[in-house]
Amino acid sequence: MLQLNYIQENREEVLRKLAVKNFHNTELIHEIISLDQKRKETQKNLDDNLAEANNLAREIGNLFKEGKAKEANEIKEKTAGLKRENKELANTLEVITRELKELLLEVPNIPHESVKPGKGEEDNECLFEEGSIPETQEPASPHWELAEKYNIIDFNLGSKVSGAGFPFYRGKGAKLQRALISFFLDEAIAAGYEEFQPPLFVNEESAYGTGQLPDKEGQMYHITEDRLYPIPTAEVPITNIYRDVILKEEQLPVKNVAYSSCFRREAGSYGKDVRGLNRLHQFDKVEIVQIQHPDRSYQTLEEMKDHAAGLLKKLALPYRILRLCGGDLSFTSALTYDFEVYSAAQKRWLEVSSVSNFESYQANRMKLRFKGQGKARLAHTLNGSALALPRIVAALLENNQTEKGIRIPELLVPYTGFEMID
RNA sequence: GGAGAGGUGGCCGAGUGGUCGAAGGCGCACGCUUGGAAAGCGUGUAAGCGCCAAAAGCGCUUCGAGGGUUCGAAUCCCUCUCUCUCCGCCA
């Protein structure tokens with residue numbers, strides 16, 4: 001969430017920039033500011049009262065020690081009213097604080113100045129495109145047909161055992177998954193990231209920390225009995241490592257990478273766009289996360305963007321990079337680059353990665369700070385998929401189909417141990 | 001799942017109702033000392049919120065979390081949580 005002081009001191013600027021994200025709730029901002037005013041007043045009163053109570057308590061202690069029990073008891077009576085008053089003030093303060101936090105959670109992150117306004121997907125700006133659209137022999141098969149033909153992914157079995165959106169990978173399909181995961185991890189490690197294997201279930205605090213709660217509640221599975229959430233992305237456990245942490249400045253940047261399964265309810269539409277691997281309830285992803293000094297976070301974002309691009313290049317997939325417009329930017333992000341690969345048989349672009357700078361929005365929520373010379377400051381958090389598997393697999397299958405079978409990209413062969421799926 | 005012991009500052013560790021944000025030590029920073037270093041000596045060493053233009057200063061909160069008792073809680077009571085030891089179960 002945004003910092004209160006920042007909102008207060010830059011009210012007009014905040015409103016102007018949020019408008020880029022199609023956020024026009026001026027009233028909310030004003031309400032927050034006036035509620036904070038009320039908070040300060042209440043706290044001042046409470047603090048003064050508590051100071052007085054502390055003084056009286058000290059006095060009573062001294063009097064008892066000197067054996068002046070009578071005087072002590074007289075003062076004691078004075079404290080009764082004060083106590084009642086304080087309890088009330090404390091309650092008021094708590095209500096205000098809670099309400100303030102709730103309101104603050106409704107304010108999205110401020111977009112970076114390079115973000116252009118726009119309604120949605122259609123207004124995203126294409127920054128870069130590389131690789132040629134492959135010429136597949138007609139008729140080119142979509143991946144769900146290829147998956148069946150070569151018996152490498154079984155959607156029906158998944159439906160039987162779990163439900164739609166939970167496929168089985170088998171044989172060379174399973175090996176391909178494992179190869180991609182290893183490849184992505186190795187590339188990240190070579191780029192200086194530390195590998196983590198995170199828990200796949202997180203508690204409520206963590207879900208709030210990275211912003212899945214309260215705004216995206218319906219997207220996560222929820223194990224109510226134990227109050228745990230299966231992670232929708234490794235970003236959640238990996239970033240939350242640093243919840244309530246004050247790092248030393250020289251520890252920055254923190255570079256972490258994690259492979260994990262991801263779980264998403266995604267109660268969405270059905271049809272061609274979500275067929276096969278296009279949208280799943282469970283999928284695999286390698287996620288990179290960085291925690292960086294505010295002065296260098298945009299440099300880092302570029303570095304992470306290049307990392308993701310490098311992976312696609314090595315897999316020889318045609319891809320493009322989009323800079324999301326205000327309307328398509330997520331609630332918590334300041335700037336996001338989306339990566340899409342071209343799927344030859346489906347004749348459309350598929351999103352395979354999203355690289356974002358959250359600036360201090362997540363950090364403020366989870367009190368992630370760093371300390372150099374002066375006071376502790378909020379750090380910046382960034383993350384990106386590097387990469388998400390299912391659509392990569394879909395594109396690999398479709399783009400690399402030949403009469404003899406599906407050709408594995410050269411750089412991946414050491415990981416798969418085979419050159420063809422046939 | 002059962003029984004017991006614990007959770008104190010960056011770390012170790014003292015503290016069982018009053019002046020304790022907390023002894024002592026380690027670490028770290030600065031200074032003195034030294035030709036230089038070590039040792040030694042001295043000083044400092046949490047975060048958040050508020051008052052203040054700001055600094056200084058002051059006030060409030062924080063000893064796993066939440067609640068309670070009390071004029072006053074790190075210290076007493078209750079609930080939760082985590083860690084350790086033993087037993088049970090188990091990949």
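A note on names: the letters A, B, ... follow the listed sequences, proteins ahead of strands, and every chain is numbered from 1.
Sorted by first then second residue, the ring pair (Phe, Tyr, Trp, His ring centres under 6.0 Å) pairs that include residues 74-117 of chain A, not counting sequence neighbours, are A/H112-A/Y298. Here ring pair (Phe, Tyr, Trp, His ring centres under 6.0 Å) pairs that include residues 210-240 of chain A, with residues two or more places apart or in two chains, are A/H222-A/Y229. Applying the salt bridge (charged side-chain N to carboxylate O under 4.0 Å, His left out) test to residues at least two apart or on different chains, the pairs with a partner in residues 173-195 of chain A are A/E187-A/K314.
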Next on the checklist: salt bridge (charged side-chain N to carboxylate O under 4.0 Å, His left out), that's the test. Do A/R39 and A/D36 meet it? Break it down for me.
Outcome noted: CA-CA 5 Å; A/R39 193 206 101 235; A/D36 188 47; 2.3 Å; yes

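Computed from coordinates, the A/N91 CG to B/G67 P distance equals 10 Å when rounded to whole Å. In this structure, A/Q251 places its CD atom 11 Å from C1' of B/G10, rounding to the nearest Å. Distance CG (A/N203) to C1' (B/G64): 15 Å, rounded to an integer number of Å. Following rounding to the nearest Å, A/R227 (CZ) and B/C80 (P) show an atom-to-atom distance of 12 Å. The separation between A/L82 atom CG and B/U70 atom P is 16 Å, rounded to whole Å. Atom CD in A/E250 sits about 15 Å away from atom P in B/G10, given to the nearest Å. A/N86 places its CG atom 10 Å from the P atom of B/G72, with the value rounded to the nearest Å. Rounding to whole angstrom units, CD of residue A/E71 and C1' of B/C71 are separated by 15 Å.
Scanning for side chain to side chain donor-acceptor pair (under 3.5 Å) contacts around A/N364 gives an empty result, with sequence neighbours left out. Qualifying side chain to side chain donor-acceptor pair (under 3.5 Å) partners for A/N109, counting only residues two or more places apart in sequence or in other chains: none.
Nucleotide B/C86 forms a pair with B/G2, judged by Watson-Crick or G-U wobble geometry with both contacts under 3.5 Å. Using N1 to N3 plus N6-O4 or O6-N4 for Watson-Crick, or N1-O2 and O6-N3 for G-U wobble, each under 3.5 Å, B/U16 pairs with nothing. In a base pair of the Watson-Crick type (N1 to N3 plus N6-O4 or O6-N4) or a G-U wobble (N1-O2 and O6-N3), with each distance short of 3.5 Å, B/A38 is matched with no nucleotide. Applying the Watson-Crick and G-U wobble criteria (two distances, each under 3.5 Å), B/A22 pairs with nothing in any strand. Under the Watson-Crick and G-U wobble criteria, each requiring two contacts below 3.5 Å, nucleotide B/G59 is paired to B/C49. Base pairing of B/A91: no nucleotide in any strand meets the Watson-Crick or G-U wobble criterion (both distances under 3.5 Å). Remark: B/G66 base-pairs with B/C78; criterion is Watson-Crick or G-U wobble with both hydrogen-bond distances under 3.5 Å. Pair assignment for B/A73 gives none, since no Watson-Crick or G-U wobble pairing has each distance under 3.5 Å.
On the P atoms, B/U61 is 9 Å away from B/A73, given to the nearest whole Å. Separation of the C1' atoms belonging to B/A29 and B/C77 is 43 Å when rounded to the nearest angstrom. Taking atom P on both B/A3 and B/C76, the two are 22 Å apart, rounded to the nearest angstrom. To the nearest whole angstrom, the two P atoms, one in B/C12 and one in B/G7, are 12 Å apart. Going from the P atom of B/A65 to that of B/C82 covers 15 Å, rounded to whole Å. Here the separation of B/G44 from B/C58, taken at their P atoms, is 14 Å to the nearest Å. For the C1' atoms, the distance linking B/A46 with B/G21 amounts to 9 Å, nearest Å. Taking the C1' atom of each, B/G4 and B/G88 are spaced 15 Å apart, rounded to whole Å.
With RNA chain B read from its 5' end, the first of the two nearest nucleotides for A/A57 and A/K87 is the one closest to A/A57.
Closest of all the heavy-atom pairs between A/I181 and A/V286 is O-CG2, 4.1 Å.
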Item to check | nucleotides 46-63 of chain B: protein proximity per nucleotide (B base, S sugar-phosphate only, - neither; heavy atom, under 4.0 Å) | outcome: SSSSSS-------BSS--

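A salt bridge (charged side-chain N to carboxylate O under 4.0 Å, His left out) with A/D422 holds for exactly one of A/K172, A/R407, A/K404; it is A/K172.
A/Y361 and A/F331 have perpendicular rings, their planes meeting at more than 60° on a 0 to 90° scale where under 30° would count as parallel.
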